[in-house]
Amino acid sequence: MATTKTTVDRLRAFVGQSVTLEGWVYKTRGSGKIVFLIVRDGTGLCQCVVEKNDETASFFETAKKLSQESSLEVTGDVLADERSVGGFELKVSHVRVVQSAADYPITPKPHGIDFLMKHRHLWFRSHRQWHILRVRATVVDQIRRFFNDDGYVLIDTPIFAPAACEGSQTLFQVDYFGDPVYLAQTGQLYLEAACMSHRKVYCFGPTFRAEKSKTRRHLTEFWMVEPEIAYASLSDVIDVSEAFICSIVERVLRDNKDDLVALGRNLDELCAVQKPFVRMTYSEAADILRGPKAKELLERDLEEKTARIGELDAKIDELDATAKGGGKQWQKDKASAEAIDCREERSELEEQVRNIPHHLELAANFEWGSDLGGSDETIISRLHDRPVAVTHYPKAVKAFYMREDRNDDRLAECFDLLAPQGFGEIIGGSAREEDLDRLVARMKHENLPIEDYEWYLDLRRYGSVPHGGFGLGVERTVAWICGLKHIRETIPYARMMGKFYP
RNA sequence: UCCCCGAUAGCUCAAUUGGCAGAGCGAGCGGCUGUUAACCGCUAGGUCGUAGGUUCGAGUCCUACUCGGGGAGCCA
């Protein structure tokens with residue numbers, strides 16, 4: 001029997017030939033004398049059809065009883081068939097079971113998030129997760145490629161850090177041969193040193209924050225890429241972030257369009273991510289929040305969401321009636337499953353509706369001097385169809401190393417980049433204070449232990465120059481690009497407050 | 001740390017509002033040659049999160065705790 005080993009993504013080249021696939025059973029459907037095996041092999045899905053006849057007699061019963069996620073080698077002729085997922089199918093001539101799986105926990109039916117997170121090691125195999133992590137891999141590759149192709153030198157910064165860079169209450173403390181050290185929450189200060197050697201540098205690795213926040217935008221361990229550039233102004237740094245974000249979006253649209261479509265992402269919204277991004281100062285953002293546009297947006301939201309809740313109520317009643325009435329069992333089943341989805345959407349909307357008056361109040365009473373809250377960021381980003389850079393925050397709410405605005409000493413030369421459609425902050429960056437006296441004064445004001453930062457201050461003593469950089473959160477970026485509401489699915493093994501298994 | 005919601009079969013959810021704990025999926029057995037979350041019949045599967053309390057009677061009401069979800073603060 002002449003046969004070639006191949007993978008699902010290459011079937012097109014083998015139509016009319018016999019091939020062998022190595023994979024796992026994703027789903028099965030059977031009838032008396034025909035079995036459909038949907039096999040996944042890591043590169044895609046392929047329907048394998050086993051018909052009962054003399055040729056298949058030796059393994060037909062085995063194939064019929066194959067359980068979900070059993071591993072197997074399957075051999076057969078490749079046919080083009082539109083009825084099949086992916087457009088090709090295998091007319092099976094041989095099946096070898098590698099291992100028979102029993103009682104695979106994740107079924108094709110819906111599961112709760114807690115259950116799925118506890119089965120993350122298996123959840124990977126589900127189609128949606130497979131698409132998301134493929135997008136992540138492209139994003140990570142493009143991050144490295146963008147900087148490597150533009151003359152940046154990769155500097156690996158330490159994960160064990162001796163002291164706080166930004167604030168010690170959010171650090172994980174580790175016992176280091178009897179001394180307390182902390183898991184790094186940024187490599188920035190180390191990068192500032194390196195950029196005085198290489199001019200353009202970046203670091204890329206995991207970052208740890210012990211923030212006690214349980215929200216859709218937080219992880220305790222996440223990946224961050226941080227470029228740092230010597231002789232750069234704030235405006236230069238924002239230019240880099242623009243080109244950087246555009247290159248990532250463009251690359252994903254080029255290489256992962258199928259994944260995005262499978263995830264239901266609106267591609268037009270991604271295509272609209274083009275230079276130049278919107279730039280506004282913190283003060284302008286504050287005016288917008290207090291102004292009529294923000295109010296209109298939230299009031300329209302309130303109307304639309306209330307109306308949607310009404311629609312859902314009606315739909316739920318209708319579905320419940322279907323589920324309890326006559327008709328086919330599968331129709332009733334489908335109706336009750338849909339009703340569950342509708343209830344979930346309704347309770348989410350109800351929470352949002354409850355929060356809108358509060359958000360209205362926060363926005364309307366926004367006071368110059370406080371940081372933008374999550375709801376404030378959402379308002380600003382939803383008013384634009386491309387990313388928004390909010391610049392020049394009050395320096396009091398920002399980190400000590402940010403450069404003081406020489407025209408207005410209340411301000412820091414910093415920016416946050418907000419992703420559109422309400423996804424919120426994906427980048428935070430700034431020009432760094434290069435003046436020794438200003439920096440020391442600021443550190444004293446914040447009661448930072450100057451002696452621990454002597455090495456950092458040396459950078460201002462020996463050839464200090466204007467410089468700056470930013471940090472981009474990989475998971476938030478992937479969530480935005482994939483259109484996911486929660487970032488926990490964008491990292492292979494999410495670490496969140498109270499969660500570290502598996 | 002604070003606010004809201006939840007916990008019932010392996011999984012997803014019901015239980016007529018205090019009166020005999022149920023359905024689908026999954027599992028097992030049987031049937032069906034083109035299925036797309038297939039379908040049809042049968043079988044097994046439960047200390048209703050934990051501990052107290054109210055009551056003739058508690059899955060349902062009250063209190064505390066544990067765990068989970070969502071949000072606030074903080075942040076990428």
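No experiment lies behind these values; they were computed from the predicted model shown. Chain naming here is simple, since letters A, B, ... match the order of the sequence lines and numbering starts at 1 in each.
Position along RNA chain B of the nearest nucleotide to Gly374(A) versus Phe222(A) favours Gly374(A) as the more 5'-ward residue. Residue-to-nucleotide proximity on RNA chain B shows that, of Trp223(A) and Pro105(A), the 5′-proximal contact is made by Pro105(A).
Remark: Val278(A) pairs with Met280(A), His384(A), Arg386(A), Val388(A) by the side chain to side chain contact (heavy atoms under 4.5 Å, CB included) rule, at least two apart or across chains. Under the ring-ring contact (aromatic ring centres under 6.0 Å, His included) criterion, Phe208(A) pairs with no residue, sequence neighbours left out. In terms of the salt bridge (charged side-chain N to carboxylate O under 4.0 Å, His left out) criterion, residue partners of Asp259(A) (sequence neighbours excluded) are, by chain and number, Arg134(A).
Using a 4.0 Å heavy-atom criterion, one finds that Ile427(A) contacts the sugar-phosphate atoms exclusively. Asp416(A) comes within 4.0 angstrom of no nucleic acid atom, judged by non-hydrogen atoms across all strands. Note on Lys499(A): only backbone sugar-phosphate atoms sit closer than 4.0 angstrom, heavy atoms only; bases stay farther off. Counting non-hydrogen atoms under 4.0 angstrom, Leu472(A) reaches nothing in the nucleic acid. Using a 4.0 Å heavy-atom criterion, one finds that Lys27(A) contacts the sugar-phosphate atoms exclusively. The residue Glu221(A) sits apart from the nucleic acid: no heavy atom pair falls under 4.0 Å.
Between C42(B) and G6(B), the distance separating the two P atoms is 36 Å to the nearest Å. The gap from the C1' atom of C48(B) to that of C61(B) amounts to 16 Å, rounded to the nearest Å. Nucleotides A9(B) and C4(B) place their P atoms 27 Å apart, quoted to the nearest Å. To the nearest whole angstrom, the two P atoms, one in C62(B) and one in U54(B), are 15 Å apart. The separation of U8(B) from A15(B), taken at their C1' atoms, amounts to 10 Å, rounded to a whole angstrom. Between G71(B) and A64(B), the two C1' atoms lie 24 Å apart (nearest whole Å). As rounded to the nearest Å, G19(B) and G57(B) have C1' atoms that lie 7 Å from one another. Spacing of P atoms, G49(B) relative to A21(B), comes out at 15 Å, to the nearest Å.
Taking side-chain N and O atoms only, Arg209(A) has no distance below 4.0 Å to OP1 or OP2 of C75(B). Taking 4.0 angstrom as the limit, Arg217(A) places none of its side-chain polar atoms (N or O) nearer than this to OP1 or OP2 of A72(B). A close approach under 4.0 Å does not occur between any side-chain nitrogen or oxygen of Lys64(A) and OP1 or OP2 of U33(B).
Across all strands shown, C75(B) remains unpaired; no Watson-Crick or G-U wobble contact has both distances below 3.5 Å. As the counterpart of C20(B), no nucleotide is assigned, since no Watson-Crick or G-U wobble pattern has both distances under 3.5 Å. Pairing for C61(B) goes to G53(B), judged as Watson-Crick or G-U wobble with the two contacts each under 3.5 Å. Under the Watson-Crick or G-U wobble criterion, with both distances below 3.5 Å, C67(B) is paired with G6(B). Nucleotide G34(B) forms a pair with no other nucleotide shown, judged by Watson-Crick or G-U wobble geometry with both contacts under 3.5 Å.
Annotation: salt bridge (Lys or Arg N to Asp or Glu O under 4.0 Å) contacts involving residues 387-403 of chain A, sequence neighbours excluded, comprise Lys395(A)-Glu404(A), Lys398(A)-Asp416(A), Arg403(A)-Glu413(A), Arg403(A)-Glu434(A).
For Leu37(A) and A38(B), the CG to P distance is 13 Å, given to the nearest whole Å. Remark: P of C74(B) and CD of Glu377(A) are 10 Å apart, rounded to the nearest angstrom. Atom pair Tyr104(A):OH and A27(B):P shows a separation of 13 Å (rounding to whole Å applied). Whole-Å rounding puts the Leu66(A) CG to G28(B) C1' distance at 16 Å. Rounded to a whole Å, the NZ atom of Lys212(A) is 19 Å from the P atom of A72(B). Atom-to-atom, NE2 of His218(A) to C1' of C74(B) comes out at 6 Å; the value is rounded to the nearest Å. One interatomic measurement links the two molecules: CD1 of Ile106(A) to P of A27(B), which rounds to 14 Å at whole-angstrom precision. For the pair Arg83(A) CZ and U33(B) C1', the interatomic distance rounds to 11 Å; values are reported in whole Å.
A donor-acceptor contact under 3.5 Å is formed by the side chain of Arg476(A) with the base of C75(B). For Gln47(A) and U35(B), a side-chain-to-base donor-acceptor distance below 3.5 Å is present, hydrogens and geometry of angles not being considered.
Within a 6.0 Å sphere centred on CG of Asp9(A), other residues, nucleotides and ligands contribute more than 12 heavy atoms.
You'll find that the side chain of Asp81(A) is closest to G34(B), out of A37(B), G73(B), G34(B). The side chain of Lys33(A) has U33(B) as its nearest neighbour among U33(B), G71(B), C25(B). Residue Asn355(A) places its side chain closer to G71(B) than to any other of G71(B), G34(B), A27(B). In this structure, of C32(B), A76(B), G34(B), it is G34(B) that holds the atom nearest to the side chain of Ile34(A). Comparing C32(B), A27(B), C29(B) against the side chain of Asp103(A) picks out A27(B) as the nearest. If you check G68(B), A72(B), C25(B) against the side chain of Thr107(A), the one that comes closest is C25(B).
Rounding to the nearest 0.5 Å gives a distance of 13.5 Å between CD1 of Ile155(A) and CD of Glu192(A).
Remark: Arg308(A) does not engage Asp301(A) in a salt bridge, criterion side-chain N to carboxylate O under 4.0 Å. With respect to Arg136(A) and Glu475(A), a salt bridge is recorded, a charged nitrogen being found less than 4.0 Å from a carboxylate O.
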| message | ring pair (Phe, Tyr, Trp, His ring centres under 6.0 Å), that's the test. Do Tyr152(A) and Phe146(A) meet it? Break it down for me. | response | CA-CA 9 Å; Tyr152(A) 287 73; Phe146(A) 177 86; 7.0 Å; no
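Residue-nucleotide stacking is not present for Phe36(A) and G34(B), judged by a side-chain ring centre under 5.5 Å from the six-membered base ring centre and planes under 30° apart.
Taken residue by residue, residues 111-130 of chain A places heavy atoms nearer than 4.0 Å to RNA chain B at His111(A), Gly112(A), Ile113(A), Asp114(A), Phe115(A).
Note: Phe124(A) and Tyr493(A) meet the aromatic proximity criterion, with ring centroids under 6.0 Å apart.
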Extract all donor-acceptor atom pairs below 3.5 Å that involve side chains of residues 62-70 of chain A and protein atoms in other chains or at least two apart in sequence.
{"from": "Ser67(A)", "atom 1": "OG", "to": "Ser70(A)", "atom 2": "OG", "distance (Å)": "3.0"}
{"from": "Ser67(A)", "atom 1": "OG", "to": "Ala101(A)", "atom 2": "O", "distance (Å)": "2.2"}
{"from": "Gln68(A)", "atom 1": "NE2", "to": "Ile106(A)", "atom 2": "O", "distance (Å)": "2.9"}
{"from": "Glu69(A)", "atom 1": "OE1", "to": "Arg40(A)", "atom 2": "NH2", "distance (Å)": "2.8"}
{"from": "Glu69(A)", "atom 1": "OE1", "to": "Arg125(A)", "atom 2": "NH1", "distance (Å)": "3.0"}
{"from": "Glu69(A)", "atom 1": "OE2", "to": "Arg40(A)", "atom 2": "NE", "distance (Å)": "3.2"}
{"from": "Ser70(A)", "atom 1": "OG", "to": "Ser67(A)", "atom 2": "O", "distance (Å)": "3.2"}
{"from": "Ser70(A)", "atom 1": "OG", "to": "Ala101(A)", "atom 2": "N", "distance (Å)": "2.8"}

